[in-house]
**Student:** 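Pasting in a structure now, in structure tokens, and then I'll have a few things to ask.
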Amino acid sequence: MILSRRSVMGVRGLQGFVGSTCPHICTVVNFKELAEHHRSKHPGCTPTIVVDAMCCLRYWYTPESWICGGQWREYFSALRDFVKTFTAVGIRLIFFFDGTVEQDKRDEWVKRRLKNNREISRIFHYIKSHKEQPGRNMFFIPSGLAIFTRFALKSLGQETLCSLQEADYEVASYGLQNNCLGILGEDTDYLIYDTCPYFSISELCLDSLDTVMLCREKLCESLDISLADLPLLACLLGNDIIPEGMFESFRYKCLSSYTSVKENFDKKGNIILAVADHISKVLRLHQGEKKLEEMLPLGPNKALFYKGVASYLLPGQKSPWFFQKPKGLITLDKEVGSMSSAPESKQEVPMCTDPESKQGVPLCTDPDSKQGIPMCTDAESKQGVPMCTDPESKQGVPMWTNPESKQGVPVCTDPESKQGVPMCTDPESKQGVPMWTNPESKQGVPVCTDPESKQGVLVSTDPDSKQAVPVCIDPGSKEGFLLCTHPESKQGVPMCTHPEFKQGDPVCTHPESTQGDPVCTYPESKQGVPMYAYSEYRQGVPMCTYSESKQGVPMCTHTEFKQKSPLGADPEFKLEAPICTNPGINQEDLVNMEPEIKQQVTMVSDPEILKIARAHHVQAESYLVYNIMSSGEIECSNTLEDALDQALPSQAFVYRPVRQRVYSLLLGGGEDGASTCPTVKEWFVYSGNPLRHPDLVRPLQMNIPGGTPSLKLLWLNQDAGIQARRLDALLGCFDLSSSREELQAVENPFKALCCLLTYLFVQVDTLCLEDLHAFIAQALCLQGKPTVQLIDLQLDYIDARAVQLGSLLVRGLTTLVLVNSACGFPWRMSDFMPWNVFDGKLFHQKYLQSEKGCTVEALVEQNRSRLTKFHALKSVVCKACVRENRRIVSRQHWHSPQPGRWGRQGSGSHRTSSGYSRAGPGQHWRIQGPGNRQYEPDHWRRYSSSGWSN
């Protein structure tokens, strides 16, 4: 069985290794049979398959034509058949989509986008040379396919979810926690996760429901490693987090020392075998004794490597490579007469007789007194531990030897950690109290048990009250700090003594400096906040810590909004509010993994609004809204755009003013949105953008009659008149409020299309009347055509400009999804789903006919009803454009076009929201340089860059 190698997702080289070197890992299975077996094994439980939808898009897109913008009716039909086939055999499907790109995988995302750019350049070169669609070997999925697939599946009644983190992690977690039949996808990371079985989508035969199951247990058997070693192997080979080149020299060292090189295997196959051999024969010898950084050349990449390994650990799972086990054996004196064999160590151990129980007790020899000391066996470590006799109970108690005094100290067992803890005798109660040894002073400190957490807490005697007071140790200075109990959390909070008043104030430890800062408790949140001591007033002022600089900044509380703001900051500015960190990683993991984990922040502070946005995101009911509000960072993948076309701007620029107004609406700018809202980071792919940094885009003030409504009004208010306000907000995002009445009069589903076409023709002044005719005619003719007729449609040839126009319109439809989501859904999502308003081949046909000068009657296929609607829709768009100082004319009225571009001489190609040419007369839109720069709302700065085409 040879698996497809086209997928580069997951572990580098593992896909090819499994397909060619270890084919026995792959087993042909039948989903119908697996489902029947699952039902018999788990009565009453519906067999469920978790689908990684992003891996399946290529498989699902079966239409022959893909170059013209997408055959959406045909694609929707293919999805319906896919769902029906599994439903017919009683299998439930859960679809997961990527909801974000994690920062650890941004570099890999950029790498793939730049690679896609090169592929797209070759596609357009082929089209111009051959006037036809390239073969399937150059296949590129239509723009917006992932976004519209979500809504297609939801309309088919399927449970569709959008991830809050990396989708493969959520897929693996869901599969494990819900006892699923398996995971369907095409990503070798699913061979690494310890979860339910993994099935290949590329090998799926829908007619028979046969596919290939990839068995991770068989993979481990072939490599002589355990399941727990797979995350380590994945990171050493390279994956989406760890760059492949990071351990390249290490892998070749493993290969050079590998003695079982297979001549019939390829180089990558031998490298995987060599690295696995190193793990099983070298690293495992020191597992639990040495940290990974002591065994591997991690260098400055230690934190990233640990995070890479941890990314494969699902909730409740731990890696044996993260934790050290107790080590060190007790030397035994073999001169004692009677012997016993320890079951674990197989060594002979001296024995003595316990006078109380009359049973034999093992002995060890005290190195100082040379006398035999009774031993007991530690239940956890299985090692012998010296004992002394408790004078009260007459029972043997384990002992610990103080390295300074060389004296034995009684030990008690911690019920949580199961480890022995030294004890001292309380002079008041005469009872044994656990001790903690200070590593600096080597002195024992008494410990008391916290009644809430049941954990031991160091204590010190208050010289005034003579009472025991809890103590914590500062990791930096090794000094003890008194603790006070927080009234809400019941947890101990460090205290510092004010030099003036001699009173204890709570403190917190700064994560970078490890120094203690005083803490005050906010009456609203009941949470401790670091304080800054003002020497002039001798008063503590709350501080906030900036995530970038890690420095504390004094804060003031806005009296009206009860929000904490930096001193000197604009009191109207909405600060980023912290949210909880990753619940899947506990504190013990953080201590041992040592990765850089920053607390997440959100761009909005209203928890109710954020909760709604999150719910819509998870249920795949919105697009980009939660990303904007939570992280202030969004991305858009590649679009079929001709980098050499000098007339048509990239969709990233065409729809940017719309996104800017959405930012103002979502980030709470209101009337003064452009000046107070933070910038949003955009990772949008367009020609000449090396994607080294995101574009920093400022929100754009909206022009809405009656002012900009709040999100609570748009999202939560159910009054009858609110729907009109939602529509006002939507049209305001497109800056088309003046055309409200005309657009409202248009019937569905053409209302949204007219809105989009109006915006598009106002923005791009190289679009002509023939283009408008093609867009409207294809939408009208689409309504009466069955899917079969669309499949059989044949084109005379493929035009490169029409290809880009098709993609430009589809990206506009995805922008409508964003705006409609942000404004509280004033329009039905179905009105701008592409299978209802756009077909790639049909548009291409109408474009070619319009270019040839065909009449409008011919474009609408001699249908009188369509002809009437055509003139009505054209009138709405043209009148709205005239209102924006844009007159749409035929290409025949233009001057002779410049070589390689459609356009009027001396004219820019793209307008801003204010109606002025973005690039200016004679200045082309592509002259703007890409990268890390800020975009003002209306003033587009022009840059020169050698990376841009002229």
Side-chain angles (χ1 to χ4, degrees), residues 4-9 54-78 111-149 186 201-202 636-648 650-652 685-689 771 774 778 787 790-811 814 834-835 838-849 851 900-902 949:
S4 168
R5 298 194 185 195
R6 67 186 175 202
S7 174
V8 295
M9 300 176 70
M54 301 301 289
C55 295
C56 300
L57 295 178
R58 285 176 174 266
Y59 176 89
W60 288 331
Y61 193 85
T62 55
E64 183 182 345
S65 174
W66 49 269
I67 197 71
C68 300
Q71 302 309 110
W72 295 98
R73 283 273 183 90
E74 192 176 346
Y75 178 65
F76 187 88
S77 178
K111 182 181 176 181
R112 292 176 184 173
R113 301 293 76 78
L114 297 178
K115 179 177 179 288
N116 290 156
N117 275 345
R118 295 190 292 271
E119 295 171 351
I120 290 173
S121 295
R122 289 194 291 270
I123 289 172
F124 275 98
H125 181 268
Y126 185 94
I127 293 172
K128 293 173 183 178
S129 302
H130 299 84
K131 298 290 183 180
E132 65 181 15
Q133 175 180 279
R136 193 76 179 186
N137 62 315
M138 296 179 72
F139 171 77
F140 199 86
I141 63 172
S143 301
L145 191 68
I147 300 163
F148 292 119
T149 302
E186 201 69 30
I201 182 65
S202 66
C636 181
S637 188
N638 305 76
T639 304
L640 280 176
E641 296 175 338
D642 185 4
L644 301 180
D645 190 325
Q646 298 294 299
L648 289 176
S650 170
Q651 65 87 20
V685 181
Y686 51 85
S687 176
N689 185 4
D771 300 328
Q778 70 85 30
T787 303
L790 293 170
I791 295 174
D792 294 336
L793 187 64
Q794 298 297 316
L795 300 174
D796 294 337
Y797 63 94
I798 299 296
D799 182 273
R801 184 173 183 272
V803 169
Q804 184 163 345
L805 284 181
S807 295
L808 184 61
L809 185 84
V810 172
R811 285 299 187 194
T814 64
W835 46 87
F838 180 80
D839 180 87
K841 275 199 301 184
L842 187 58
F843 166 72
H844 217 91
Q845 182 192 60
K846 301 305 176 185
Y847 176 89
L848 295 178
Q849 291 174 352
E851 283 290 299
R901 63 176 286 178
W902 295 101
S949 57

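For the numbers below, each heavy atom of this structure counts, side chains included, while hydrogens, waters and symmetry mates do not. Heads up: numbering here begins at 1 and tracks the sequence. Here the structure is a predicted model, which is why all the values come from computation and not from measurement.
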**Student:** When rounded to the nearest 0.5 angstrom, what is the spacing between NZ in K131 and CG in D796?
**Tutor:**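 Here the interatomic distance stands at 12.0 Å.
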**Student:** Indicate yes or no for a side-chain donor-acceptor contact from S121 to the backbone of N117 under 3.5 Å, with no hydrogens or angles considered.
**Tutor:**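 Yes, the answer is positive, given that a donor and an acceptor are paired below the 3.5 Å cut-off.
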**Student:** From D799 CG over to Q804 CD, what is the distance, rounded to the nearest 0.5 angstrom?
**Tutor:**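 One gets 11.0 Å once the value is rounded to the nearest 0.5 Å.
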**Student:** State the CD1-SG distance between I201 and C55, to the nearest 0.5 angstrom.
**Tutor:**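 So the gap between those two atoms works out to 9.0 Å.
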**Student:** Restricting to side chain to side chain contact (heavy atoms under 4.5 Å, CB included), what partner residues turn up for T639, sequence neighbours left out?
**Tutor:**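 T639 satisfies side chain to side chain contact (heavy atoms under 4.5 Å, CB included) with S143, E641, Q651, S807, R811 only.
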**Student:** Could you tell me whether a side-chain N or O of N638 sits under 3.5 Å from a main-chain N or O of R113, the two making a donor and an acceptor?
**Tutor:**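 A pair under 3.5 Å: yes.
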**Student:** Hey, what do you get for CG (L809) to CZ (F838), rounding to the nearest 0.5 Å?
**Tutor:**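 CZ of F838 is found 5.5 Å from CG of L809.
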**Student:** Just how far is it from atom OG of S637 to atom CD1 of I141, taken to the nearest 0.5 Å?
**Tutor:**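 S637 OG to I141 CD1: 7.0 Å, rounded to 0.5 Å.
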**Student:** By salt bridge (charged side-chain N to carboxylate O under 4.0 Å, His left out), which residues pair with K128, not counting sequence neighbours?
**Tutor:**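 Scan of K128 (salt bridge (charged side-chain N to carboxylate O under 4.0 Å, His left out), adjacent residues dropped) gives D642.
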**Student:** So, using salt bridge (charged side-chain N to carboxylate O under 4.0 Å, His left out) as the criterion, who are the partners of K846 when residues are at least two apart?
**Tutor:**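 Partners of K846 under the salt bridge (charged side-chain N to carboxylate O under 4.0 Å, His left out) test: E861.
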**Student:** Give the minimum heavy-atom separation between E74 and P63, together with the two atoms involved.
**Tutor:**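 Here E74 and P63 meet closest at OE2-CA, 3.4 Å.
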**Student:** Which heavy atom in M138 sits nearest to a heavy atom in I123, and how many Å separate them?
**Tutor:**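 Closest approach of M138 to I123, heavy atoms only: O-CD1, 3.5 Å.
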**Student:** Might you point out which heavy atoms bring A652 and V685 nearest each other, and give the distance in Å?
**Tutor:**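 So the minimum-distance heavy-atom pair works out to CB-O, 4.4 Å.
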**Student:** So, for Y686 and S650, which heavy atoms are closest and what is the spacing to 0.1 Å?
**Tutor:**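 Looks like CB-OG, 3.3 Å.
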**Student:** Could you tell me if T149 and Y75 have a donor-acceptor pair between their side chains, going purely by distance under 3.5 Å?
**Tutor:**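 Yes, T149 and Y75 have a side-chain donor paired with an acceptor closer than 3.5 Å.
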**Student:** Does a donor on one side chain sit under 3.5 Å from an acceptor on the other, for D839 and Q71?
**Tutor:**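 Judged by distance alone, the side chains do pair up.
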**Student:** For a 4.5 angstrom cut-off between non-hydrogen side-chain atoms, does V803 reach H844?
**Tutor:**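 V803 vs H844: side chains touch.
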**Student:** For L145 and W60: C-alpha separation, side-chain torsions, deciding distance, then whether side chain to side chain contact (heavy atoms under 4.5 Å, CB included) applies.
**Tutor:** CA-CA 10 Å; L145 191 68; W60 288 331; over 6 Å; no
**Student:** Less than 4.5 Å apart, any side-chain heavy atom of I798 and any of C68?
**Tutor:**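 Yes, their side chains come closer than 4.5 Å.
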**Student:** List the residues meeting ring pair (Phe, Tyr, Trp, His ring centres under 6.0 Å) with F76, not counting sequence neighbours, and say none if there are none.
**Tutor:**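 If we apply the ring pair (Phe, Tyr, Trp, His ring centres under 6.0 Å) test to F76, skipping adjacent residues, the hits are W835.
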**Student:** Would a 4.5 Å heavy-atom cut-off, applied to side chains only, mark P142 and Y61 as touching?
**Tutor:**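 The answer is yes, as the side chains (C-beta and beyond) meet within the 4.5 Å cut-off.
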**Student:** State the CZ-CZ distance between R801 and F124, to the nearest 0.5 angstrom.
**Tutor:**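 One gets 12.0 Å once the value is rounded to the nearest 0.5 Å.
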**Student:** Under the ring pair (Phe, Tyr, Trp, His ring centres under 6.0 Å) test, which residues partner W66, sequence neighbours left out?
**Tutor:**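 Once residues adjacent in sequence are excluded, the partners of W66 under the ring pair (Phe, Tyr, Trp, His ring centres under 6.0 Å) criterion are F139.
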**Student:** Answer yes or no: is there a side-chain heavy-atom contact under 4.5 Å between K841 and L790?
**Tutor:**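 In short, these two side chains do not touch, never coming nearer than 4.5 Å.
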**Student:** Write down the atom of Q133, the atom of I67, and the distance for their closest heavy-atom approach.
**Tutor:**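 Scanning both residues completely, I find the closest heavy atoms to be OE1-N, 3.2 Å.
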**Student:** Identify the two heavy atoms, one from N689 and one from L114, that lie closest to each other, and give their separation to 0.1 Å.
**Tutor:**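 The answer is O-CD2, 3.9 Å.
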**Student:** Tell me, please, which residues at least two apart from Y126 pass ring pair (Phe, Tyr, Trp, His ring centres under 6.0 Å).
**Tutor:**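 In terms of ring pair (Phe, Tyr, Trp, His ring centres under 6.0 Å), with neighbours along the sequence ignored, Y126 is linked to H130.
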**Student:** Do Q845 and L795 come within less than 4.5 Å of each other through their side chains, counting heavy atoms only?
**Tutor:**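 Result yes, sub-4.5 Å side-chain heavy-atom pair found.
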